[in-house]
Amino acid sequence: MFQEKYHQIERVLRACTGEEDVLLTTGGDHADLASTIAFKLAKKQKRPPHQIASDIAGKLSRNPELGDLQIEAVGPYVNFRFGPSLLAEAVREALEPGYGKLPAHSERVVLEHTSANPNGPLHVGHIRNTVIGDSLARAFRKAGYPLEVQYYLNDMGRQVATVAWGLDHLGIAREEGEKEDHYVARVYVAANREIQENPGITEEIDHLMQEMERGDPETAGKFRAVVSLCVEGIKATLAALNASHDRFVWESDFVRIGDVDRVIERVRRLPQTHEDETLWVDLSEQGFEKKYILRRSDGTSVYSTRDLAYHTWKGRNYDRLIDVLGADHKLIGAQLQATLKLLGEQPPEIVYFEFVSLPEGSMSTRAGKFVSADDLIEEVTAKAFEEVTIRRPELPEEERRAIAKSVAIAAIRYDIVKVSPEKSTVFDWKEALNFERQSGPYIQYAHARACSILEKAGEFEQAYRYETEHEVALARHLARFPVVVEQTVKELRPHHLASYARELADLFNAFYHYNPVLKSEGETRSSRLTLVDAVRNTLKESLETLGIDALRSM
RNA sequence: GGGCCUGUGGCUUAGCCAGGAUAUAGCGCCGGGCUUCUAACCCGGACGUCGAGGGUUCAAAUCCCUCCAGGCCCGCCA
């Protein structure tokens with residue numbers, strides 16, 4: 001409804017003013033939509049803007065095509081407000097299962113996110129990638145795109161080689177009940193400490209990497225064992241976070257099947273490519289002063305080479321490539337894009353997010369200095385369980401545990417997704433454990449409330465008469481959900497969804513306190529119940545797009 | 001030194017790309033509200049030179065320039 005109305009008003013304003021850009025925006029508190037076109041025309045017509053606005057409003061008010069729209073000039077602004085029948089239509093649409101779904105696109109999208117090195121558990125920095133990536137993935141599916149989500153597994157890097165070496169030489173046993181990825185991290189930290197004391201080990205690790213690249217079966221087996229072990233743990237964490245990947249792509253496969261050799265051959269034919277002891281691309285014309293090295297002097301490939309092969313493969317199998325990467329990848333990401341362009345391949349769109357640090361400084365897996373996602377989930381779940389137990393002591397423990405789990409993931413995911421990706425953040429336990437307003441559980445609570453009202457109401461006739469300011473504000477807000485989904489995929493910024501869901505919960509809570517539902521009567525009761533149902537559905541759809549469980553009771 | 005990002009009340013944050021109507025919200029603070037649909041809630045109040053300066057414009061948190069502060073990057077690591 002909202003989009004149709006937007007485009008219709010835009011069309012009519014164009015016809016009325018003769019201007020191409022009619023400066024139509026959302027009007028905030030003042031209106032559903034508003035135009036500042038009068039300012040622009042004031043200059044051309046040499047008349048005061050409020051007169052022009054008033055003229056336009058007068059003309060449009062007599063236009064029957066616009067239907068149930070209140071049009072008013074307020075000073076220099078032309079304001080449009082949805083009338084009762086449009087609000088009814090908005091609520092009717094919001095009741096539909098899957099509300100917010102946009103018309104299907106045929107463009108096949110591949111979205112890569114998380115892709116953390118398999119040398120330890122995901123930490124609170126990695127899961128910013130996971131939460132942004134998974135929320136975007138859900139938004140893309142909601143926006144009607146066929147989508148595949150991938151995790152690129154760096155299974156032949158120095159980190160993995162270091163762990164493989166550590167397992168062979170340090171005799172560290174896995175502890176009882178220790179999660180795979182945490183065990184791998186322990187070996188990794190110990191191996192790094194060993195290297196510090198005895199730098200000669202670096203040569204042994206270099207040798208392992210060369211053997212791996214050569215395809216030596218014994219070495220490959222060792223690497224695969226390390227990575228498989230670690231990935232088991234990582235997958236469990238991702239599942240706990242409600243994040244999923246359709247495919248894990250192993251970096252070494254591109255070496256094994258010859259794609260890396262093929263891409264090197266193609267790069268070699270570029271005029272920008274130089275070969276001395278290494279093979280490198282001169283990207284200075286593209287604005288990069290650093291050499292983009294693709295083959296070491298010992299003949300082995302580097303991460304960038306394999307990444308080039310991976311993206312070439314993606315470009316051939318999908319129409320649109322999206323990567324979610326930490327801000328530390330900005331340079332290498334831009335070099336990758338530039339080189340793919342030189343090769344005539346499709347470069348990825350890259351969503352960068354800035355760093356998450358700890359109050360005491362940057363995180364480091366190597367130094368064992370990080371807060372793991374598993375510890376975070378455990379702490380937040382424990383706090384959530386306490387809360388549920390205080391509020392709902394009568395519920396069986398099993399049910400309280402299930403609620404606590406969902407509440408914890410809601411708190412964690414929302415806390416991360418609500419902040420714009422370009423903002424660097426400092427991880428804060430107090431914020432993570434806060435379940436009040438502007439949190440995931442706050443929104444879940446609004447949803448549970450709506451469910452509870454509907455359950456008590458039983459059967460009711462649908463009706464659509466909205467008069468109080470709270471009813472009208474809710475109906476207006478419901479209409480915007482599909483626009484927010486559209487905006488999220490257009491800008492690749494999932495935090496819009498987070499703001500939207502919170503605003504909807506805010507409006508619903510205010511409505512709840514001022515407009516009794518079950519105690520009202522007749523058409524008012526039916527209309528309010530219908531509205532509550534529409535809010536419930538829209539909250540559910542927006543929560544699920546954020547990867548948060550829409551609990552019916554909490 | 002160079003590149004990218006950020007700077008909005010004590011703290012966190014939306015708005016900035018597509019300039020317009022009293023700058024969004026939370027935490028914290030002060031005050032009020034649970035025999036009434038779940039108080040993980042609601043209402044009221046105090047708190048802002050939108051980092052600083054200049055420019056463009058009828059109009060700047062938003063665009064441009066300079067400066068300051070913080071983060072990230074500048075490896076034959078990934």
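Each chain gets a letter, A, B and so on, in the order the sequences are listed, and its residues count up from 1.
Taking a pair to require two hydrogen-bonding distances under 3.5 Å in either a Watson-Crick or a G-U wobble arrangement, B/G1 pairs with B/C74. The pairing partner recorded for B/G19 is none, the criterion being a Watson-Crick or G-U wobble arrangement whose two distances lie under 3.5 angstrom. In this structure, B/A46 forms no base pair with any nucleotide, since neither Watson-Crick nor G-U wobble geometry is met with both distances under 3.5 Å. Nucleotide B/C27 forms a pair with B/G10, judged by Watson-Crick or G-U wobble geometry with both contacts under 3.5 Å.
Residue A/Val532 is classed as having no contact, given no heavy-atom separation below 4.0 Å to the nucleic acid. Heavy atoms of A/Ala448 sit under 4.0 angstrom from at least one base atom. When heavy atoms are screened at a 4.0 angstrom cut-off, A/Asn515 is found touching base atoms of the nucleic acid. Nucleic acid contact class of A/Thr25 (heavy atoms, under 4.0 Å, all strands): none. Base engagement by A/Phe39 is indicated by at least one non-hydrogen atom pair under 4.0 Å involving a base atom. Here A/His496 lies in heavy-atom contact (under 4.0 Å) with sugar-phosphate atoms only. Within 4.0 Å (heavy atoms only), A/Tyr352 reaches no atom of the nucleic acid at all.
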Anything under 3.5 Å between a protein N or O and an N or O of nucleotides 73-78 of chain B, put it in a table, one pair a line.
residue: B/C74; atom: O2'; partner: A/Lys290; partner atom: NZ; Å: 3.3
residue: B/G75; atom: OP2; partner: A/Lys290; partner atom: NZ; Å: 2.8
residue: B/C76; atom: O3'; partner: A/Arg296; partner atom: NE; Å: 3.4
residue: B/C76; atom: O2; partner: A/Ser297; partner atom: N; Å: 2.8
residue: B/C76; atom: O2; partner: A/Ser297; partner atom: OG; Å: 3.0
residue: B/C76; atom: N3; partner: A/Ser297; partner atom: OG; Å: 2.8
residue: B/C77; atom: OP2; partner: A/Arg296; partner atom: NE; Å: 2.6
residue: B/C77; atom: OP2; partner: A/Arg296; partner atom: NH2; Å: 2.8
residue: B/A78; atom: OP1; partner: A/Arg296; partner atom: NH2; Å: 3.0
residue: B/A78; atom: OP2; partner: A/Tyr303; partner atom: N; Å: 3.1
residue: B/A78; atom: O2'; partner: A/Asn117; partner atom: OD1; Å: 2.8
residue: B/A78; atom: O2'; partner: A/Asn117; partner atom: ND2; Å: 2.7

Between protein and nucleic acid, restricted to nucleotides 21-23 of chain B and to nitrogen or oxygen atoms under 3.5 Å apart, what atom pairs and distances do you find?
residue: B/A21; atom: O4'; partner: A/Tyr77; partner atom: OH; Å: 2.8
residue: B/A21; atom: N6; partner: A/Asn79; partner atom: OD1; Å: 3.2
residue: B/A21; atom: N1; partner: A/Asn79; partner atom: OD1; Å: 3.1
residue: B/A21; atom: N1; partner: A/Asn79; partner atom: ND2; Å: 3.0

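Side chain A/Glu491 to base B/C17: a donor-acceptor pair is found below 3.5 Å.
With B/C42, B/G71, B/C37 as the choices, the nucleotide that has an atom nearest any side-chain atom of A/Ala510 turns out to be B/C42. Closest to the side chain of A/Lys43, from the set B/C58, B/C42, B/G71, is B/C58.
Under 3.5 Å, the side chains of A/Glu491 and A/Thr488 contain no donor-acceptor pair of N or O atoms. Between the side chains of A/Asp259 and A/Tyr310, not a single donor N or O lies within less than 3.5 Å of an accepting N or O.
Between the P atoms of B/U56 and B/A25, the separation comes to 34 Å (whole Å).
Between A/Glu422 atom CD and B/C17 atom P there is a gap of 13 Å when expressed in whole angstrom units.
If you take CD1 on A/Ile443 and CG on A/Leu546, they are separated by 7.0 Å, rounding to the nearest 0.5 Å.
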What side-chain donor-acceptor pairs closer than 3.5 Å can you find for residues 35-43 of chain A, not counting sequence neighbours?
residue: A/Ser35; atom: OG; partner: A/Val22; partner atom: O; Å: 2.7
residue: A/Ser35; atom: OG; partner: A/Ile37; partner atom: N; Å: 3.1
residue: A/Lys40; atom: NZ; partner: A/Glu19; partner atom: OE1; Å: 3.2
residue: A/Lys40; atom: NZ; partner: A/Asp21; partner atom: O; Å: 3.0

